[in-house]
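Each remark here refers to the structure printed beneath this line.
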Amino acid sequence: MKRKWLATLVVMACAQLGVQHAQAAGVTDAMIENDAASTGDVLSYGLGTQGQRHSTLTSINPDTIKNLVPVWSMSFGGEKQRGQQSQPLVHEGKMYVTASYSRIFAVDTKTGKKLWKYEHRLPEGIMPCCDVINRGAAIYDNLVIFGTLDAQLVALDKDTGKVVWRDKIDDYKAGYSYTAAPLIAEGLLLTGVSGGEFGVVGRVEARDPKTGKMVWIRPMIEGHVGQKFDKDGKASDNGMTGKLNATWPGEMWKTGGAATWLGGTYDAKTKLAYFGTGNPGPWNSHLRKGDNLYSASTVALDVKSGQIKWHYQTTPNDGWDFDGVNELVTFDMDGKRMGAKADRNGFFYILDAENGKFENAFPFVTKVTWAKGIDKSGKPILDPDNRPGDPTAGDGKKGKQVFAAPSFLGGKNQMPMAYSPQTGLFYVPANEWGMDIWNEPITYKKGAAYLGAGFTIKPLYDDYIGALRAIDPKTGKVAWEVKNEAPLWGGVLTTAGNLVFWGTPEGYLKAADAKTGKVVWQFQTGSGVVAAPITWEENGEQYLTVVSGWGGAVPLWGGDVAKKVNFLEQGGSVWTFKLHK
Ligand code: CA
Ligand code: CA
């Protein structure tokens with residue numbers, strides 16, 4: 001017995017030495033894989049690459065939260081503020097947080113003191129569709145890596161802020177940009193592209209995070225051929241995505257959209273990276289009869305090979321701009337690894353994370369007009385009367401207008417949901433809105449909007465648009481909801497302290513009891529919150545951080561809803577809280 005205990009001690013000591021050694025060398029794959037469980041840091045977008053946004057920390061809870069107070073606030077400064085959608089990372093007492101206009105800051109976690117700042121020099125003529133936002137960085141080895149609005153990746157020394165490598169993703173003049181937080185999986189840096197409204201072709205790219213050297217490229221539209229690269233950077237064929245013209249007419253696949261603009265999640269158990277793909281281009285669905293694979297889908301990629309393992313399309317032949325980019329969050333249910341996704345199209349999907357097999361789907365918003373439901377095979381039961389009409393069926397200029405719900409900004413958009421293994425509930429920032437939408441003729445022109453549609457977004461109800469909903473993935477039942485007047489646009493965090501945190505455009509960071517939904521705390525941050533909160537611990541104390549700064553797609557694209565919330569003020573700051581003793 002004694003000997004066994006000693007052996008365990010030795011193993012533990014070695015493990016600790018190993019960890020210390022690894023930390024001295026920077027952030028390792030093992031540390032990123034363990035991110036959800038390690039409470040002293042936040043090393044990935046999603047507090048773990050599975051994207052559950054769950055922390056096991058408990059000292060902030062419904063009993064103690066009355067003592068939660070700000071420790072520091074830091075301004076991003078600058079004349080230009082706009083939407084702040086960044087989820088910060090935390091490592092060894094330093095916070096890495098991105099800001100609007102492709103900026104990144106390193107900050108002392110205890111004092112809020114700025115350690116360094118990098119401001120990317122942006123050219124004239126960048127074309128971000130939906131505000132000049134950034135959602136966060138990745139951290140690997142001694143580098144922090146983030147993407148820019150002119151479609152570049154920049155890797156900086158995490159201690160000095162000096163640029164170590166830089167790589168161009170694509171031509172910003174063709175509509176490419178980059179706003180997602182990069183994903184690290186199996187020692188590779190995985191990124192997508194933004195630009196789905198400009199007829200770009202979505203793809204996932206894998207690079208060596210230490211050097212930026214390309215490893216493979218996987219296009220998301222069938223007919224395009226993937227590439228792999230040898231050590232000298234020489235490209236070779238890595239197989240075609242799908243089958244040419246199987247679900248696309250003529251040449252339309254060449255500008256087919258499916259932008260991977262929200263990045264991906266990764267599950268170390270399935271060894272798959274899950275990327276969502278955006279709308280097919282153009283919006284006018286009558287110009288591209290067929291399912292238009294792999295647009296508006298979740299695509300599961302084998303990280304090592306860059307091959308597609310499975311796909312699941314949520315909106316075939318999308319005619320409503322229902323980008324399928326929303327995060328697939330993997331979790332355990334009934335002894336199986338599942339993936340859950342709250343799609344822009346208003347349905348919440350449960351898939352088998354190993355093979356993509358459809359398990360269940362149910363609406364998570366009150367009104368869905370485009371489909372009557374999802375059949376047993378996982379295909380939507382379409383309502384043909386609610387598809388915007390073909391312009392060529394009438395005067396050739398404007399097709400039949402319909403009122404569709406959700407609106408194209410979605411039942412849920414970029415703001416990530418959270419999952420609690422304690423309660424077994426998903427916490428989904430949902431919105432209730434619809435739109436008048438109609439089709440128009442369109443032809444592709446490089447760098448020009450590729451829509452072929454007109455639209456006006458409208459609220460469905462007078463008293464609220466946003467609703468934070470606690471959803472049981474087994475039944476589809478809403479356990480509780482907290483309504484919000486403005487549309488919710490910020491992500492969610494849940495903790496083993498039985499709490500759920502989320503922000504509102506009205507400026508509040510709120511906390512509710514995870515089981516009952518009772519709001520137990522709120523704090524006014526001075527501008528709208530459209531980012532996701534994080535939590536971690538340092539010297540035995542639990543910290544909580546959220547970025548504040550109103551903006552994003554709603555003020556730009558929100559139609560009647562944008563008018564309704566035009567009193568909200570912009571900002572740009574980081575707020576950090578802990579319990580007052
Ligand atoms: Ca961690
Ligand atoms: Ca879109």
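Both counts, for ligands and for their atoms, begin at 1 and track the order of listing. Every heavy atom of this structure was used, including side-chain atoms; hydrogens, water molecules and symmetry mates were not. Note that this is a predicted model, so its numbers are computed, not measured.
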_Taking salt bridge (Lys or Arg N to Asp or Glu O under 4.0 Å) as the definition, give me every residue that meets it alongside E440, ordered by chain and number, with sequence neighbours left out._
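Salt bridge (Lys or Arg N to Asp or Glu O under 4.0 Å) list for E440, sorted by chain: empty.
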_Pairing residues for D35 by the salt bridge (Lys or Arg N to Asp or Glu O under 4.0 Å) criterion, not counting sequence neighbours_ = none
*Which protein N, O or S atoms lie under 3.0 Å from the Ca ion (ligand 1), given by chain and residue number?*
D35 O, D35 OD1, S38 O, S38 OG, D41 O, D41 OD1
Can a donor-acceptor pair be found, under 3.5 Å and without considering hydrogens, that links the side chain of [X] to the backbone of [Y]?
| X | Y | result |
| --- | --- | --- |
| S102 | L149 | yes |
| T369 | N386 | no |
| W261 | G202 | no |

Going by atom type alone, with no hydrogens or angles, which donor-acceptor pairs under 3.5 Å involve a side-chain atom of residues 401-411 and a protein atom two or more places apart or on another chain?
| unit_1 | atom_1 | unit_2 | atom_2 | d |
| --- | --- | --- | --- | --- |
| Q401 | OE1 | K398 | NZ | 3.3 |
| S407 | OG | L409 | N | 3.1 |
| S407 | OG | W433 | NE1 | 3.2 |

*Rounded to 10°, how big is the angle at the Ca ion (ligand 2) from E197 OE2 to D321 OD1?*
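Centred on the Ca ion (ligand 2), the OE2/OD1 angle is 90° (to 10°).
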_Between the Ca ion (ligand 2) and D323, which N, O or S atom of the residue is the nearest one?_
OD1
*Would you say the side-chain atoms of Y427 and T423 include a donor-acceptor pair closer than 3.5 Å?*
yes
